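Note that the coordinates shown come from a computational prediction; the quantities given were computed from them, not determined experimentally.
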Amino acid sequence: MAIMSVDIQADARTYQIRTHGCQMNVHDSERLAGLLEEAGYRPSTGDEADVVVFNTCAVRENADNRLYGNLGQLLAVKKVNPGMQIAVGGCLAQKDRGRITEKAPWVDVVFGTHNIGQLPRLLERARIEQEAQVEIAESLERFPSTLPTRRDSAYSAWVSVSVGCNNTCTFCIVPALRGKETDRRPGDILAEIRMLVDQGVQEITLLGQNVNAYGVEFRDREAFSKLLRACGDIDGLERVRFTSPHPKDFTADVIAAMAETPNVMPQLHMPLQSGSDSILKSMRRSYRSEKYLKIISDVREAMPDAAITTDIIVGFPGETERDFLDTMEVVRQSRFASAFTFQYSIRPGTPAATMADQVPAEVVQERYERLVDLVNDISWAENRNLEGQRVEVMFADGEGRKDSATHRMSGRAQDNRLVHVAVGDDPGLAPRPGDIGEVIITHAAPHHLNADAQDGGSALITLRRTRGGDAWQARQQADDDQLSGHGSAVSLGMPTIGVPAPLPAAAACAITD
């Protein structure tokens, strides 16, 4: 793959991207950063920037209020710095379109989910014409993974297999904003993964609004399991994850591929949403609790140590106490390692927004608290089962907020549990982000594990310096050189030369489908 270098001048305009919402938005923000740096911008190192980009979410009820509150705060900053530009993209921009500049006329650019590649051009046009530019495409102009990127991590990366969703869940606005599912060709996906591995990436997460429906466009029901197996053949790729699958598309061949492909991690995030069959029907979720529990059972039979996580909505319209108790029972049987729990909120434009029997807020709150207590109790019990066990940890940047005070470094076990590891006082012996070590778990909490040493030193049993750690160290050096004025270029991964040509066409938001 070709690597493009962009000269960065000392007086280049700076940018800042504020990301809200799901993993797809996080991935899109990496592309937006790459586009801006290719256009000559550089990341802001302080609180202020010449260009502030909001990559928005429209899934939660307070998304609108959060955006307009943030835009209001920036108005005063912009009055002091008239050359500053503000851009709004993402799902809320796709939904509200011209309404954003009506409510916040100081916004310079509004762009949608389908045309993120146009941001630099729109910023320049807004600057020259001195008026807001609103450009919303109705369908995908260019698959985002063909755009330049500035990844947040040197050793871990998102890889999109599809965008959009063909489901019609009554609570979800994502299909209206992201469009119908569009699948990438397998060769393009694998070429991108190999490019990333060549750059030092050792963990990838396959990403899709409904990731295991992959292949629907070219009518291959086993396309996703084939893709997982193909990832197992890539030298240097140590960990493969994916999010988020839909229970209706979860098939035996996917479970077999997970169990039989060594670098596919024993972890599954599979949204439940509700354990009540009547509520699942009202949500237009095309599975029932029995099928969901059967998938969990089959996964655990194939991978006994798999950690399973989920999403659950409390208080969907029409939910009775009996319905809620059905959800609690499925949670008890599923033994989730953790769960993202949400109180239902009305999203205009979704069928559920106009349903009768909206559940009173105080009832939703009380049920939510009961569910969170149960989830925490189960998560804690499941974590305690790991005390005394030996686990492999890949260390990461930013996972432990108290690491510097506790002389720990944090990372993820193979099952994606968060592990805080005592590493002692000698920085020369400490792991780098991306390095992999083995530890014994000494303490379990509901949401994390600790590995400490009795003598107060390092809890590491083994430590392997990795290519991912090398890539992290090289990036740190490059960033230091750029800040000190010794560096003159930013490298952007450009998936161009070497990518196989597309094959012939035969072929959430938390991402909660």
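Leu119 approaches Ala87 most closely through the heavy-atom pair CD1-CB, 3.9 Å. Minimum heavy-atom separation, Thr14 to Tyr41: O-CD2, 4.4 Å. Nearest heavy-atom pair across Val421 and Ala459 is CG1-CB, 4.3 Å. Smallest separation of non-hydrogen atoms from Asn263 and Cys231: ND2-O, 3.1 Å. Between Tyr292 and Met270, the shortest heavy-atom distance links the atoms OH-O, 2.6 Å.
Without hydrogens or angle criteria, Asp183 side chain to Gly215 main chain gives a donor-acceptor distance under 3.5 Å. A distance-only check finds a donor-acceptor pair linking the side chain of Thr442 to the backbone of Asn450 [under 3.5 Å]. One N or O on the side chain of Asp435 and one on the backbone of Arg432 form a donor-acceptor pair closer than 3.5 Å. Listed for the Arg151 side chain is a donor-acceptor partner under 3.5 Å among the backbone atoms of Ser153. For the pair Asn115 (side chain) and Glu135 (backbone), a donor-acceptor distance under 3.5 Å is present. Side-chain atoms of Thr56 come within 3.5 Å of backbone N or O of Leu92 as a donor-acceptor pair. Looking only at distances, a side-chain donor or acceptor of Thr466 sits under 3.5 Å from a matching main-chain atom of Gly469. Judged by distance alone, the side chain of Gln273 and the main-chain N or O of Thr310 form no donor-acceptor pair under 3.5 Å.
Within a 6.0 Å radius of CD in Glu387, more than 12 heavy atoms belonging to other residues, nucleotides or ligands are found. Applying the 6.0 Å contact sphere to CZ of Arg465 captures more than 12 heavy atoms from other residues, nucleotides or ligands.
Applying the salt bridge (charged side-chain N to carboxylate O under 4.0 Å, His left out) rule to pairs touching residues 413-429 yields Asp415-Arg417, sequence neighbours excluded.
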message: Show, in sequence, the C-alpha distance, side-chain angles and deciding distance for Glu30 and Arg150, and conclude whether the salt bridge (charged side-chain N to carboxylate O under 4.0 Å, His left out) test is met.
response: CA-CA 5 Å; Glu30 292 182 336; Arg150 187 186 200 280; over 6 Å; no

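Ring pair His269/Phe242: centre-to-centre distance not below 6.0 Å.
With sequence neighbours left out, Asn416 forms a side chain to side chain donor-acceptor pair (under 3.5 Å) with no residue at all.
Annotation: the span from Glu124 atom CD to Gln85 atom CD amounts to 8.0 Å, rounded to 0.5 Å.
With hydrogens and angles left out, the side-chain atoms of Thr19 and Asn25 include no donor and acceptor closer than 3.5 Å.
Residue Arg412 is tested with Glu392, Glu203, Glu399, Met394 for a side chain to side chain contact (heavy atoms under 4.5 Å, CB included); the sole match is Glu399.
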